[in-house]
Amino acid sequence: MENNPYLLYIYTSFQERATFISHGNTARLAKHHGEKSLAQICGTIASDEKRHETAYTKIVQKLFEIDPDGTVSAFADRMRKKITMPGVFMYDGNDDNLFENYAAVAQRLSVYTVKDYVDILEYFVERWNVEKLTGLSGEGRRAQDYVCGLGQRLRKMEERAQEKAMEAASTIPFSWIFGREVKI
């Protein structure tokens with residue numbers, strides 16, 4: 001299934017919605033802290049990401065209409081592999097855990113959280129009417145069951161992530177802000 005183009009459209013739908021959310025949340029935080037220019041920049045980026053999301057979401061919707069079995073199987077396959085953001089490849093030449101540390105800060109500040117990830121999954125399950133698909137093969141039904149039940153399983157993980165974040169608060173320097181220590 002690796003060369004399946006459905007995976008690309010599903011990934012991109014999810015990724016664009018995630019970046020819409022994270023840039024929108026960053027804009028709100030920046031505005032709250034008096035950083036009007038940064039808020040405007042992030043708000044503009046969020047709007048652009050929303051337009052991308054809309055396009056990719058419509059493509060996947062059409063794929064569900066044309067090939068529900070193949071699309072739900074691709075959706076389940078993509079979710080089993082997890083949706084990781086392109087930032088996972090960030091490296092500043094110093095911190096081998098840069099993305100994980102950045103993600104911990106984003107989680108703590110509610111810029112992008114495990115809850116957002118689950119909300120996005122559930123949004124697409126509903127948007128694409130995955131629960132209502134009929135006429136699926138056995139594999140398609142198993143994929144449907146997996147995707148439709150995944151949100152509930154991830155909500156339990158979300159609770160544990162929140163608890164862990166509260167327990168493990170420490171600081172770490174970030175090179176792009178001149179080594180300033182940031183609470184993760």
Side-chain angles (χ1 to χ4, degrees), residues 1-32 35 37-91 98-133 143-144 146-155 157-158 161 176:
M1 190 168 259
E2 280 309 307
N3 292 323
N4 182 339
Y6 295 8
L7 294 171
L8 170 70
Y9 292 116
I10 291 163
Y11 169 84
T12 310
S13 297
F14 198 106
Q15 185 267 330
E16 295 292 347
R17 187 165 184 84
T19 53
F20 158 69
I21 290 168
S22 66
H23 283 89
N25 288 340
T26 302
R28 280 185 282 287
L29 279 171
K31 184 177 180 182
H32 175 76
E35 297 290 340
S37 295
L38 179 60
Q40 185 176 16
I41 291 167
C42 290
T44 300
I45 293 169
S47 295
D48 196 40
E49 297 298 299
K50 182 64 176 170
R51 284 188 292 277
H52 298 163
E53 175 208 332
T54 299
Y56 288 112
T57 299
K58 287 179 180 180
I59 291 169
V60 175
Q61 180 66 48
K62 187 53 106 173
L63 291 173
F64 270 109
E65 291 170 18
I66 295 167
D67 181 12
D69 212 60
T71 307
V72 76
S73 294
F75 191 14
D77 183 52
R78 181 70 264 162
M79 295 313 299
R80 281 186 185 99
K81 293 174 182 169
K82 299 183 182 55
I83 304 287
T84 56
M85 296 298 110
V88 75
F89 298 111
M90 290 190 310
Y91 183 62
L98 182 60
F99 183 76
E100 290 86 8
N101 293 329
Y102 175 77
V105 172
Q107 172 77 30
R108 188 177 59 76
L109 296 176
S110 297
V111 168
Y112 184 75
T113 66
V114 174
K115 179 186 181 309
D116 293 321
Y117 185 95
V118 179
D119 288 347
I120 293 168
L121 166 65
E122 291 175 341
Y123 168 82
F124 284 125
V125 166
E126 184 176 329
R127 171 72 169 78
W128 294 327
N129 295 308
V130 177
E131 290 183 47
K132 296 176 184 172
L133 295 174
Q144 180 185 39
Y146 174 78
V147 171
C148 291
L150 186 57
Q152 186 176 4
R153 290 189 300 276
L154 291 176
R155 291 271 176 223
M157 290 175 56
E158 171 197 348
W176 69 70

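- Applying the side chain to side chain contact (heavy atoms under 4.5 Å, CB included) criterion to Glu158, with sequence neighbours excluded, gives Val114, Lys115, Arg155.
- With a 6.0 Å cutoff to the six-membered ring centre and a 45° limit on the axis angle, Arg17 counts as a cation-pi contact of Tyr123.
- By the 30° and 60° cut-offs, the orientation of the rings of Tyr102 relative to Phe99 is tilted.
- Closest of all the heavy-atom pairs between Ala46 and Gly24 is CB-N, 3.6 Å.
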- prompt: side chain to side chain contact (heavy atoms under 4.5 Å, CB included) between Met79 and Phe14: does it pass, once the steps are laid out?
  reply: CA-CA 10 Å; Met79 295 313 299; Phe14 198 106; 4.0 Å; yes

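- Between Glu16 atom CD and Glu53 atom CD the span is 8.0 Å, to the nearest 0.5 Å.
- Outside the 6.0 Å centre-distance limit, the rings of Phe75 and Tyr146 are not counted as a close aromatic pair.
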message: Go through it in stages, so that I can follow the logic: the residues are Thr26 and Tyr112, the test is side chain to side chain contact (heavy atoms under 4.5 Å, CB included), and I'd like the CA-CA distance, side-chain angles, deciding distance and then a yes or no.
response: CA-CA 9 Å; Thr26 302; Tyr112 184 75; over 6 Å; no

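- Once rounded to the nearest 0.5 Å, the distance linking CG of Leu29 with SG of Cys42 reads 9.5 Å.
- Within a 6.0 Å sphere centred on NZ of Lys50, other residues, nucleotides and ligands contribute more than 12 heavy atoms.
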message: side chain to side chain contact (heavy atoms under 4.5 Å, CB included) for Lys82 and Tyr117? Distances and angles first, verdict last.
response: CA-CA 10 Å; Lys82 299 183 182 55; Tyr117 185 95; 4.0 Å; yes

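- For the residue pair Asn25 and Ser22, no side-chain donor N or O sits within less than 3.5 Å of a side-chain acceptor on the partner.
- Crowding of Gln40 atom CD: a count of heavy atoms from other residues, nucleotides or ligands under 6.0 Å not exceeding 12.
- No donor-acceptor distance shorter than 3.5 angstrom exists from the side chain of Gln15 to the backbone of Ile83, with no hydrogens or angles considered.
- Considering CZ of Arg78 and OG of Ser73, their distance stands at 14.5 Å, rounded to 0.5 Å.
- Taking a 6.0 Å sphere around CZ of Phe89, one finds it holds 12 or fewer heavy atoms contributed by other residues, nucleotides or ligands.
- Distance alone, capped at 3.5 Å, places no donor-acceptor pair between the Asn129 side chain and the Lys132 backbone.
- Checked by atom type and distance alone, the side chain of Arg28 never pairs as donor or acceptor with a backbone atom of His32 at under 3.5 Å.
- Of the residues listed (Ile45, Thr44, Asp48, Val111), the one engaging His23 in a side chain to side chain contact (heavy atoms under 4.5 Å, CB included) is Ile45, and it is the only one.
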field: Derivation and outcome, side chain to side chain contact (heavy atoms under 4.5 Å, CB included), residues Asp116 and Thr113
entry: CA-CA 5 Å; Asp116 293 321; Thr113 66; 3.1 Å; yes

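- Shortest non-hydrogen contact noted between Ala74 and Tyr6 is CB-CB, 3.6 Å.
- Residue-environment remark: CD (Glu100) exceeds the threshold of 12 foreign heavy atoms within 6.0 Å.
- The number of heavy atoms from other shown groups lying within 6.0 Å of CE (Met157) does not exceed 12.
- At distances below 3.5 Å, at least one donor-acceptor pair connects side-chain atoms of Gln144 with backbone N or O atoms of Val130.
- In this structure, Thr71 contributes its side chain and Leu63 its backbone to a donor-acceptor pair below 3.5 Å.
- To the nearest 0.5 Å, atoms CG (Leu133) and SG (Cys148) are separated by 7.5 Å.
- Note that the CD1 atom of Ile120 and the CG atom of Leu154 stand 12.0 Å from one another [nearest 0.5 Å].
- Closest heavy-atom contact between Ala76 and Ala143: CB-CB, 3.6 Å.
- Remark: Asp77 does not engage Arg80 in a salt bridge, criterion side-chain N to carboxylate O under 4.0 Å.
- Within the 4.5 Å cutoff, the side chain of Lys81 has heavy atoms near those of the Leu7 side chain.
- A 6.0 Å sphere centred on OH of Tyr9 holds no more than 12 heavy atoms belonging to other residues, nucleotides or ligands.
- The number of heavy-atom neighbours closer than 6.0 Å to OH of Tyr56, taken from other residues, nucleotides and ligands shown, is 12 or below.
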